[in-house]
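Bear in mind the structure is a predicted one, so any value in this text is a computation, not a measurement. Order of appearance sets the numbers: ligands from 1, and atoms from 1 within every ligand.
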Amino acid sequence: MKQYKVMWLFVVLAACVLVLQFHASSTWVAGPPQQAAQDAAPDSGQPALRELAARLARELAGACRDAQTTTAASPAEPRLYVITPTYRRPEQIPELTRLAQTLMHVRNLHWLVVEDAANKTRLVTQLLRKTRLSFDHLLAPMPDVYKTRRGPKPRGVSNRNCGLEWIRANATSGVVYFADDDNTYDIELFEEMRWTTRVSMWPVGLCTKFGLSTPIVIDSKFAGFYDGWVAGRKFPVDMAGFAVSVQFLLQRPNAKMPYKPGFEEDGFLKSLAPFEPSQIELKANNCSKVLVWHTQTKKNDPSAALNMTKYANTNLVHLKKLIV
Ligand code: UGA
Ligand code: MN
């Protein structure tokens, strides 16, 4: 009913703007040629009429914004909490720019950007503000014991557990999703996961030697997992391939991610017990669509130092502060 009224307001206001514009333009054209030419100049014309048209246009824009907010605030629509681990490196800002500009297309979303760092990176803070997304910028450095250990590291685990703690402290409903900063997400994915009641899953492309990690589906029912690296895991899935209901998570106060490289997803999903693979909610049209890809960006070396003797008074000094 409310939306219906807003629609009518649009139509009426749009009609007013059109009538005024028509009136204004015919007045200008109807005048003597010299006068018409003068009136066509940007700072001439009929100020009162223009101001009225401008005010109507502003009000129309305001009504559009209100209508969007109404949709965003709809209580029926579960909120999405997207947890993104990130860390300082040459690719960080480009990766986060791409992900941010994907998330900017998604309604009712709160972005938890958790840096594996001791201090917040200024450029990350600036990027987050610029997006005008609802967000929290958190810090969760990888514990030294793992950082200094030889061999594979538990990447993004302290960050994701920090995000989970934030959710336990601040959310009561909605859906939580772990979105690494370097993957590629179709915005349709977020509407698929929005209605998760326990744990939902879907295919992830560009993943393992099979090029794919996904639940296997027969006659619309879960029938196992397809993943190039099973390694005895109960849930051989990719981090990008599942979402969890916040209520379901809150009912499991001990659920968290283990510091176990390669077994982070499995460990976390097992910590959601009681929860069995047969209870998985299959999304993306019975797992028949690929809506997320485990893309990996080429690693870049940090840039060479700037020759200050040569470039001290140039734009390069500022630009160097924007890159690693
Ligand atoms: C894969 C999985 O998708 C990760 O979720 C898992 O943590 C990782 O393997 C693992 O098992 O170690 P992969 O693409 O190989 O991910 O790893 P990255 O993309 O390098 O890192 C995953 C996330 O953690 C990224 O969002 C990245 O920014 C973050 N990260 C990585 C840190 O916060 N700190 C690090 O030192 C490294
Ligand atoms: Mn990655």
Strictly distance-based, threshold 3.5 Å: is any side-chain N or O of [X] a donor or acceptor partner for the main-chain N or O of [Y]?
X    : Y    : value
E281 : T197 : yes
N108 : E77  : yes
T295 : D182 : yes
N159 : V114 : yes
S158 : A140 : yes

>> Test your reading of the structure: does P85 have an N or O sitting under 3.5 Å from an N or O of ligand 1?
In response: yes
>> If the test is side-chain hydrogen bond (donor to acceptor under 3.5 Å, both in side chains), which one of T121, T86, T84 qualifies with E115?
In response: T121
Would you kindly specify which portion of [X] sits under 4.0 Å from ligand 1, judged on non-hydrogen atoms: side chain, backbone, both or neither?
X    : result
Q92  : neither
D181 : both
K153 : backbone
N159 : side chain
E264 : side chain

Where is the nearest protein heavy atom to [atom]: which residue, which atom, and how far?
atom                    : value
atom 19 (O) of ligand 1 : D182 OD2, 2.8 Å
atom 31 (C) of ligand 1 : Y87 CE2, 3.3 Å
atom 17 (O) of ligand 1 : R155 NH1, 3.3 Å

> Would you say K260 has more than 12 foreign heavy atoms packed within less than 6.0 Å of its NZ?
Replying inline: no
> Would you find more than 12 non-hydrogen atoms of other residues, nucleotides or ligands less than 6.0 Å from K221 atom NZ?
Replying inline: no
[X] heavy atoms, cut-off 4.0 Å: which ligand 1 atoms fall inside?
X    : value
M142 : 36 (O)
G262 : 11 (O)
M239 : 3 (O), 5 (O)

> Do the charged groups of R168 and E165 touch, with an N to O distance under 4.0 Å?
Replying inline: no
> Using 4.0 Å as the upper bound for N to carboxylate O, is an ion pair formed by E188 and K289?
Replying inline: yes
For [atom], which of the options [options] provides the nearest non-hydrogen atom?
atom                    : options          : answer
atom 16 (O) of ligand 1 : K299, Q296, H294 : H294
atom 34 (N) of ligand 1 : D116, I83, D238  : D116
atom 22 (C) of ligand 1 : T297, N183, D180 : D180

>> Could you identify the N, O or S atom of D182 positioned closest to the Mn ion (ligand 2)?
In response: OD2
> Is R160 near ligand 1, meaning one of its heavy atoms is under 4.0 Å from it?
Replying inline: yes
> Pick one: which of R89, R98, R88 meets salt bridge (charged side-chain N to carboxylate O under 4.0 Å, His left out) with D181?
Replying inline: R89
